Structures are given as structure tokens and as C-alpha cells.
Number of protein chains: 2
Amino acid sequence: MSSPDKVFEALASTTRRRILAYLSEGPLAAGAIAKRFDMSQPAVSKHLSILEAADLVWKRREGQFVNYGMNADNLGGVLAGFLQEVCPPSRALKAERRAEKGED
Amino acid sequence: MSSPDKVFEALASTTRRRILAYLSEGPLAAGAIAKRFDMSQPAVSKHLSILEAADLVWKRREGQFVNYGMNADNLGGVLAGFLQEVCPPSRALKAERRAEKGED
DNA sequence: TAATCATATAACCAATTAGCTAATAGGTGA
DNA sequence: TCACCTATTAGCTAATTGGTTATATGATTA
């Protein structure tokens with residue numbers, strides 16, 4: 001149930017995009033994420049809650065810890081949907097393919 | 001020379017994403033764009049300059065008019081680049097392909 | 001040159017954002 | 001229960017954003 005509005009708002013912050021990139025390597029507890037960033041732990045917590053509201057990450061309490069992980073499908077879906085809406089189809093898809101080349 | 005930072009900042013505004021979608025149908029003069037949106041002409045002008053700074057649109061003066069058009073390649077490139085950086089590759093690309101299906 | 005049309009810039013305002021520290025809540029284990 | 005650790009929420013501030021109206025710039029035409 002994540003609106004494109006929330007996703008793009010979430011992605012507008014460089015810090016949040018870096019958190020996502022960091023999470024792409026695998027799930028982590030909130031504190032472990034905070035340690036990597038040069039800001040207070042509450043600040044990171046707020047960023048995580050914005051990412052969660054956009055459904056870009058999931059969250060699961062495990063004992064004292066709260067683990068976060070990426071929702072890659074949702075991110076890909078929203079961005080691809082936007083590209084489809086906004087790009088003259090042929091050119092847009094070519095650009096994606098160019099970036100894909102060789103992967104997978 | 002458009003940084004991802006500027007692109008994501010530009011895309012953070014719903015109004016700007018709507019302007020892009022509108023421009024995807026073809027180039028238009030600033031005034032023609034402004035008429036479609038329920039806000040003042042200066043406000044739209046400012047949005048256009050932010051889109052231009054992110055290199056998401058081009059701008060060309062023609063007589064009294066200033067025409068704007070999309071830079072679809074740059075948009076696609078930045079978003080695809082980000083997906084590559086942030087998504088566990090296999091899943092991310094599958095999501096893009098799902099959205100592409102049938103197009104082109 | 002003066003009048004007019006199309007855009008952009010300036011100056012301002014209200015609302016939002018991103019950070020901080022301090023306080024609170026949730027969970028573990030002596 | 002108490003002490004301790006982890007994480008979130010509250011309350012604050014400074015900076016940024018997105019809009020406004022008024023003014024300035026640039027191009028055309030009489």
C-alpha cells in the first residue's frame with residue numbers, strides 16, 4: 001500500500017538512499033545501521049520509519065533488537081511504473097536495458 | 001552532469017513529476033505548462049528550473065517563448081543506476097522486466 | 001520608441017524537514 | 001524488582017520548500 005508519493009519523498013534524502021544501499025547487503029538491526037552513519041541514533045530511527053512508511057523496508061522485532069531489511073520488489077515496481085508513465089516508452093526502456101546489460 | 005542528488009530532489013515533488021509526465025507527450029512552452037496546473041506561473045517556472053538543474057528537461061528559447069522538453073535518457077539512466085546500486089540484482093531486474101512486459 | 005506579451009527573478013510567508021538532546025518504552029537477565 | 005541495553009517518541013531549532021504577489025527582463029510589433 002505504498003503510494004509513489006511516499007516512495008519518492010523517501011528517496012529524496014541522500015541519507016535514506018544510503019541506508020537502502022546499505023540494507024541491500026542484508027538485514028540489520030537499527031543500532032548497527034546507526035553506527036555506520038555520522039548522526040544520532042534517533043535521527044536514523046526517524047529515517048527508517050519514513051522508509052518503512054513508504055514500504056521500502058520491512059521491520060521485525062527480535063528480542064531487544066529491531067531488524068530492518070529491504071523491500072526490493074516495491075522499490076523496483078514503483079520506479080519502473082514511474083518510468084513507464086513518464087518516458088516515451090521506447091527510449092526509456094532502452095535506458096534501462098543499457099544499465100542491465102550483462103547482469104542476471 | 002546531473003547528480004543523482006539533484007534528480008531525486010527534483011522527483012520528490014508530485015507537481016514536478018506531473019510536469020514531467022505532461023512533457024513526456026512532447027515539448028511545450030512554459031506558459032502552456034503553467035496553464036495546466038492550478039498554481040501561479042512563477043511557481044511553475046521555479047519547478048521547471050529545478051527540473052532543468054537536475055538535467056531532467058531541456059530548455060530552448062524560441063522568440064518570446066521558452067520551450068521545455070524531457071531528457072528521458074537521463075531520467076532512465078539515473079533511476080536504473082540507482083536500482084542497480086540498491087537492489088539485490090536478480091530481484092531488482094525481474095521487477096523492471098515485469099513492468100516492461102509487452103512494451104517496446 | 002512605446003506598448004505588449006511571455007518568462008524569470010525577488011521578496012516574502014507558512015509549512016515541512018532534518019537534525020539534536022532528553023525522556024520513554026520494550027526486552028533481558030541477575 | 002532493578003539494572004541495563006536497544007530503540008522510539010517528544011520537544012526543540014535552523015534550514016529548506018513550495019507557494020504567493022510584485023517587479024524585472026527579453027522579444028515582438030505598432
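Everything numeric here is computed off the predicted structure, so don't read it as measured data. Letters A, B, ... mirror the listed sequences (proteins, then strands); counts begin at 1.
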Rounded to whole Å, how long is the line connecting atom [atom1] of [X] with atom [atom2] of [N]?
| X | N | atom1 | atom2 | result |
| --- | --- | --- | --- | --- |
| B:Q41 | D:dG26 | CD | C1' | 13 Å |
| A:M39 | C:dT21 | CE | C1' | 15 Å |
| A:D38 | C:dC20 | CG | C1' | 13 Å |
| B:R17 | D:dG18 | CZ | C1' | 14 Å |
| A:I50 | C:dG19 | CD1 | P | 9 Å |

Side-chain N,O ([X]) to OP1/OP2 ([N]) below 4.0 Å:
| X | N | result |
| --- | --- | --- |
| B:S40 | D:dG19 | no |
| B:H47 | D:dT17 | no |
| A:K59 | D:dT8 | yes |
| A:R61 | D:dT8 | no |
| B:T15 | D:dG19 | yes |
| A:Y68 | D:dT8 | yes |

Any sub-3.5 Å donor-acceptor pair from A:N67's side-chain atoms to A:A30's backbone N or O? no
Donor-acceptor check, side chain of B:R17 to backbone of A:V86, threshold 3.5 angstrom: yes or no? no
Aromatic ring centroids of A:F82 and A:F8 under 6.0 Å? yes
Which one, C:dT21, C:dT17, D:dG18, comes nearest to the side chain of A:P42? C:dT21
Look at the side chain of B:Q64 and decide which nucleotide, out of C:dA6, C:dA8, C:dG26, has an atom nearest to it. C:dA6
Closest nucleotide of DNA chain C for A:S13 versus for B:K46: which of these residues is on the 5' side? B:K46
Salt bridge check: are A:D55 and A:K6 linked by an N-O gap of less than 4.0 Å? no
